[in-house]
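See structure below.
Computed over heavy atoms, backbone and side chain alike; hydrogens, waters and symmetry mates excluded. What you see is a predicted model, and the numbers here were worked out from it, not measured in a lab. Order of the sequence lines fixes the chain letters, A, B, ..., with proteins taken first and strands second; residue numbering starts at 1 for each chain.
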2 protein chains.
Amino acid sequence: MTPSDRLREQALDGFWETVPSLWNFVRSYIRVTATSNFDVTVEQFHVLRFVRKGMSISELATAKNISRPAISQAVDALVKKGLLTRTQSLNDRRYVELTLTSEGNALLDSVFKETRQWMKERMKKLSATELETIARAMDAMKKMLD
Amino acid sequence: MTPSDRLREQALDGFWETVPSLWNFVRSYIRVTATSNFDVTVEQFHVLRFVRKGMSISELATAKNISRPAISQAVDALVKKGLLTRTQSLNDRRYVELTLTSEGNALLDSVFKETRQWMKERMKKLSATELETIARAMDAMKKMLD
DNA sequence: ATAAAATAGTTTCAATACTTAACTATTAAT
DNA sequence: ATTAATAGTTAAGTATTGAAACTATTTTAT
């Protein structure tokens with residue numbers, strides 16, 4: 001085991017002790033906020049999140065690892081709720097462009113804003129140095145995605 | 001906006017740009033490993049994960065935000081697959097103790113080992129300094145959970 | 001000590017979500 | 001000009017989920 005091997009192990013241990021529980025914690029907060037303030041499930045909320053990023057039906061299916069028909073049906077429900085709209089793409093008419101309605105956008109904005117506020121409050125426990133370390137660590141971790 | 005307010009904002013931006021996609025990425029890898037090497041869904045895999053932590057049916061339901069009956073039925077499926085067993089607790093006979101079988105333990109070990117190896121490989125892109133930063137950042141982030 | 005309340009889990013059944021297979025419409029490739 | 005590939009939908013069957021009602025056990029209150 002080389003020294004840099006040991007460093008990787010340490011970072012990895014930290015990752016597994018922290019990220020899954022923290023993300024689960026944040027997700028639970030989103031769940032409660034989204035389902036109590038608005039009539040959407042967490043899954044529907046995440047569909048809206050991906051739609052705002054500009055994802056198509058197929059991309060959504062790949063990203064969420066569920067079938068295209070399942071996404072198509074989830075989109076149906078969101079269209080019925082008035083949170084997004086379908087329009088045929090002009091460039092390639094096989095595509096359906098998903099667009100958030102103003103209600104859909106407002107919903108996402110509201111949930112995100114509230115979650116961010118809650119997280120910022122929790123971050124008050126951290127020192128300036130710790131906050132800087134986190135910001136730098138996040139940049140480094142991004143490289144694992146390429 | 002105070003200076004430490006700005007630091008919190010920066011750390012928060014980093015969090016949102018990194019953690020959801022990275023965790024999703026890792027989860028996808030686990031999904032493929034668990035479902036292709038073994039006959040379990042990701043959800044079932046996560047149930048096994050929580051069982052190994054010693055969680056009861058009710059705790060599992062709370063942690064995963066689904067109903068007790070749903071967990072009870074998911075446990076049924078895992079018992080039928082020979083991955084875990086139910087036994088009445090001796091201390092409090094209302095409780096059902098969930099225990100992984102050797103097959104269940106082997107499955108978790110195998111998936112975790114493979115995932116860790118894959119992550120370690122990806123971490124080779126990172127410098128020693130970056131790895132140290134990540135390890136320290138993880139410790140700091142843990143404090144947000146209390 | 002005993003009745004009432006609370007807790008842990010299960011069963012049943014109806015509602016929801018998901019998958020596979022077959023389909024339409026459109027674009028790309030040979 | 002066919003053929004193949006891509007994007008999405010529909011339909012039908014399967015599997016997950018949650019609400020309500022239930023058993024068994026333990027705790028609380030009287």
Side-chain angles (χ1 to χ4, degrees), chain A residues 24 27-28 30-32 34-36 38-51 53-81 83-100, chain B residues 24 27-28 30-32 34-36 38-51 53-81 83-100:
Chain A
N24 196 52
R27 234 182 111 91
S28 293
I30 292 177
R31 166 179 290 116
V32 172
T35 56
S36 64
F38 304 95
D39 179 30
V40 291
T41 66
V42 210
E43 290 310 318
Q44 289 176 336
F45 175 79
H46 283 111
V47 169
L48 293 178
R49 214 160 60 81
F50 283 127
V51 166
K53 283 190 195 162
M55 278 198 183
S56 69
I57 303 261
S58 295
E59 286 167 337
L60 256 160
T62 306
K64 290 178 67 62
N65 273 283
I66 55 181
S67 67
R68 269 189 292 266
I71 295 292
S72 189
Q73 288 159 36
V75 165
D76 273 350
L78 291 168
V79 169
K80 271 183 198 139
K81 288 188 188 200
L83 297 170
L84 55 82
T85 57
R86 278 192 251 241
T87 41
Q88 194 178 40
S89 167
L90 294 174
N91 308 352
D92 183 335
R93 288 183 305 176
R94 290 172 300 184
Y95 276 89
V96 167
E97 269 164 22
L98 300 174
T99 319
L100 291 182
Chain B
N24 196 53
R27 232 182 112 92
S28 293
I30 293 177
R31 167 179 287 117
V32 173
T35 55
S36 62
F38 305 94
D39 179 31
V40 290
T41 66
V42 213
E43 289 309 318
Q44 289 175 335
F45 175 80
H46 282 110
V47 170
L48 293 177
R49 213 160 62 80
F50 283 127
V51 167
K53 283 191 197 163
M55 279 197 182
S56 70
I57 304 259
S58 294
E59 287 168 336
L60 257 160
T62 306
K64 291 179 65 62
N65 273 285
I66 55 181
S67 68
R68 271 191 291 265
I71 294 291
S72 188
Q73 291 159 44
V75 164
D76 274 350
L78 291 168
V79 169
K80 273 185 196 135
K81 289 187 187 201
L83 297 170
L84 56 82
T85 58
R86 277 192 249 240
T87 42
Q88 193 179 39
S89 168
L90 294 175
N91 307 352
D92 184 334
R93 289 184 305 179
R94 289 172 301 184
Y95 276 88
V96 167
E97 269 164 22
L98 301 174
T99 319
L100 291 182

**Report entry** Nearest-angstrom distance from the residue atom CG of B/L90 to C1' of D/dT26
**Finding:** 15 Å

Report task. Determine the contact category for B/S56: base if any of its heavy atoms lies under 4.0 Å from a base atom, sugar-phosphate if only primed atoms, P, OP1 or OP2 are that close, otherwise nothing. Result -> sugar-phosphate

Report task. I would like to know whether B/K81 and B/Q44 meet side-chain contact (heavy atoms from CB on, under 4.5 Å); could you show each step before the answer? Result -> CA-CA 11 Å; B/K81 289 187 187 201; B/Q44 289 175 335; 3.4 Å; yes

**Report entry** A/I66 CD1 - D/dT16 C1' separation (whole Å)
**Finding:** 13 Å

**Report entry** Under 3.5 Å: donor-acceptor pair, side chain of A/E97, backbone of A/S89
**Finding:** no

Report task. Report the nucleotide, chosen from D/dG8, D/dT10, D/dA20, that has the shortest atom-to-atom distance to any side-chain atom of B/P69. Result -> D/dA20

Report task. Please test A/L78 against A/L98 for side-chain contact (heavy atoms from CB on, under 4.5 Å), starting from the C-alpha separation and ending with a verdict. Result -> CA-CA 11 Å; A/L78 291 168; A/L98 300 174; over 6 Å; no

Query raised in the report: According to a strict under-4.0 Å criterion, is A/R68 in side-chain N/O contact with OP1 or OP2 of D/dT9?
Result: no

Query raised in the report: Can you find a pair of side-chain heavy atoms, one from B/V47 and one from B/K64, that are under 4.5 Å apart?
Result: yes

Query raised in the report: Once you round it to whole Å, what is the distance between C1' of D/dT16 and NZ of B/K64?
Result: 12 Å

Report task. Measure from CD on A/E59 to C1' on D/dG8 and round the result to the nearest Å. Result -> 13 Å

Report summary line: Closest to the 5' end of DNA chain C, once A/A74 and A/Q88 are matched to their nearest nucleotides, is A/A74

**Report entry** Working for side-chain contact (heavy atoms from CB on, under 4.5 Å), residues B/L84 and B/V79
**Finding:** CA-CA 5 Å; B/L84 56 82; B/V79 169; 3.6 Å; yes

Report summary line: Output for pair (B/R31 CZ, B/S36 OG), nearest 0.5 Å, gives 12.0 Å

Report summary line: 5'-most contact on DNA chain D (nearest-nucleotide basis), A/V75 vs B/Q44, goes to A/V75

Requested in this report: Please list, in 5' to 3' order, the outermost nucleotides of DNA chain C lying under 4.0 Å from any heavy atom of chain A.
Outcome: C/dC18 to C/dT27

Query raised in the report: Which part of the nucleic acid does B/Q73 contact within heavy-atom distance under 4.0 Å: base, sugar-phosphate only, or nothing?
Result: base

Query raised in the report: Atom CD1 of A/I57 and atom P of D/dT10: how far apart are they, to the nearest Å?
Result: 11 Å

Requested in this report: Output yes when at least one side-chain N/O atom of A/S58 is less than 4.0 Å from OP1 or OP2 of D/dG8, else no.
Outcome: yes

Requested in this report: Provide, to the nearest angstrom, the distance between the CG atom belonging to B/L78 and the P atom belonging to D/dA15.
Outcome: 15 Å

Query raised in the report: For the pair made of CG in B/D92 and C1' in D/dT27, what is the distance, rounded to whole Å?
Result: 10 Å

Query raised in the report: So, is B/S67 close to the D/dT17 phosphate, meaning a side-chain N or O under 4.0 Å from OP1 or OP2?
Result: no

Requested in this report: For side-chain contact (heavy atoms from CB on, under 4.5 Å), just list the numbers for B/S56 and B/R94, CA-CA rounded to whole Å, side-chain angles, deciding distance to a tenth of an Å, and then say yes or no.
Outcome: CA-CA 11 Å; B/S56 70; B/R94 289 172 301 184; over 6 Å; no

**Report entry** Of the listed nucleotides D/dA24, D/dT17, D/dT6, the one nearest the side chain of B/R94
**Finding:** D/dA24

